[in-house]
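Written out below as structure tokens is the structure these notes cover.
Order of the sequence lines sets the chain letters (A, B, ...), proteins ahead of strands, with each chain counted from 1.
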Protein chains: 2
Amino acid sequence: MSEPTQNDRLTAMVDRLKAGEYRMTPQRRAVLKVLAESRRHPTAEEIHEVVRADFPMTSLATIYKTVTLLKELGEIVELRVAGRCRYDGRNPAPHSHLFCVGCERVVDAEVKTVHAVTEGLARRTGYRIIGQRIDFLGVCPECQ
Amino acid sequence: MSEPTQNDRLTAMVDRLKAGEYRMTPQRRAVLKVLAESRRHPTAEEIHEVVRADFPMTSLATIYKTVTLLKELGEIVELRVAGRCRYDGRNPAPHSHLFCVGCERVVDAEVKTVHAVTEGLARRTGYRIIGQRIDFLGVCPECQ
DNA sequence: ATTGGTGCAAAGTATTTGCACACTT
DNA sequence: AAGTGTGCAAATACTTTGCACCAAT
């Protein structure tokens, strides 16, 4: 059970914002909740729809402002898939994704060698590696 | 010397278009040339500027139409960096990139284990893997 | 002669920003 | 009370598309 639960993530993000001089509004909390819970790597639009169920007045601009903030704080990861941004708030640590060109769903991919690869690359190139984006494109079993 | 030369790439792309029912216009050839030769992973805008040196009438729309075509044919790879698309025509085989957050340049990264990682992932998940995007973010030696 | 390619301009998308007001602290 | 966050609308940035004309085959 080393993986953090959804609730841990929500709490972590809330605490992180409170630690800064950031305010906790109902809309913002709702966005955090979606990001902490969703396994779908939702787009801004998708987050908006879910949040709207509870807070119908919420604007898309607010979603964007919130994800931009969380991105800067390193609490969520942005990935671009098929021309749009998707957000991963469940696991802010670097990891890789598996994207199905059929259903367009994104799931996390376990690649144990990422760390080793990054280290080797840094050694060979002299770059200071600060992040990686390792996404695989494929067709999931159901779509085949 | 197993790596293809720029000229090989240009010829390969030209041949590929001719093999289809595609026409070879001066503008199109100029775009192919930039893609075959540039190590900069140029944006559409950057390709446009270079092509314009020889063919000042060339429109940005033509650049986009050509890269879209080449992308569909699998002759070039599109990568999104910092919100814009860049194109890699020198090496259409899957490989990874190193992006410097300082100078925004992109270079190819040699990662020998990619194939092994992909294979393992396919075996474990049941996905048919048809592509990968392995990009590293870092600070190059000069920018550090 | 055909019909695909080009340039132009307009339309689309996705995301960001300015501003007045509301709400958290 | 102070000042951040919000919603709205406009702006921005990038890419795509429609159309009439041009040119490669």
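- Rounded to a whole Å, the CE atom of B/Met24 is 8 Å from the P atom of D/dT25.
- The separation between A/Arg29 atom CZ and D/dG5 atom C1' is 15 Å, rounded to whole Å.
- When the side-chain nitrogen and oxygen atoms of A/Thr62 are compared with OP1 and OP2 of D/dG5, none of them lie within a distance under 4.0 Å.
- A salt bridge links A/Glu75 to A/Arg9: one of the charged nitrogens lies within less than 4.0 Å of a carboxylate oxygen.
- Close to C/dT15, at under 4.0 Å from its OP1 or OP2, lies a side-chain N or O of A/Tyr64.
- Distances shown here put a side-chain N or O of A/Gln27 below 4.0 Å from the OP1 or OP2 atom of D/dG7.
- Residue B/Lys18 contributes atom NZ, which lies 13 Å from atom P of D/dA24 at whole-angstrom precision.
- Where B/Ala44 and B/Pro26 each meet DNA chain D at their nearest nucleotide, the meeting point lying more 5' is that of B/Ala44.
- Between B/Ile63 atom CD1 and C/dG7 atom P the separation is 8 Å, expressed in whole Å.
- Atom C1' of nucleotide C/dT16 and atom CD of A/Glu78 are separated by 13 Å, given to the nearest angstrom.
- Contact annotation: B/Arg28 side-chain N/O to C/dG5 OP1/OP2 distance is under 4.0 Å.
- Side-chain N/O atoms of A/Thr68 include one lying less than 4.0 angstrom from OP1 or OP2 on C/dT16.
- When the C1' atom of D/dT15 is taken as reference, atom CG of B/Leu69 falls 16 Å away, rounded to whole Å.
- The CZ-C1' distance, from B/Arg23 to C/dT2, rounds to 7 Å in whole Å.
- For A/Thr25 and D/dT4, the shortest distance from a side-chain N or O to OP1 or OP2 is not below 4.0 Å.
- In terms of polar N and O atoms assigned as donor or acceptor, the side chain of B/Lys65 never comes within less than 3.5 Å of the base of C/dG4 in a complementary pairing.
- Between the base of C/dT13 and the side chain of A/Arg84 there is no donor-acceptor pair shorter than 3.5 Å.
- Annotation: proximity of residues 45-59 of chain A to DNA chain D (heavy atom, distance under 4.0 Å) is found for A/Met57, A/Thr58, A/Ser59, numbered in ascending order.
- One atom, CZ of B/Arg86, and another, P of D/dT15, lie 11 Å apart when rounded to the nearest Å.
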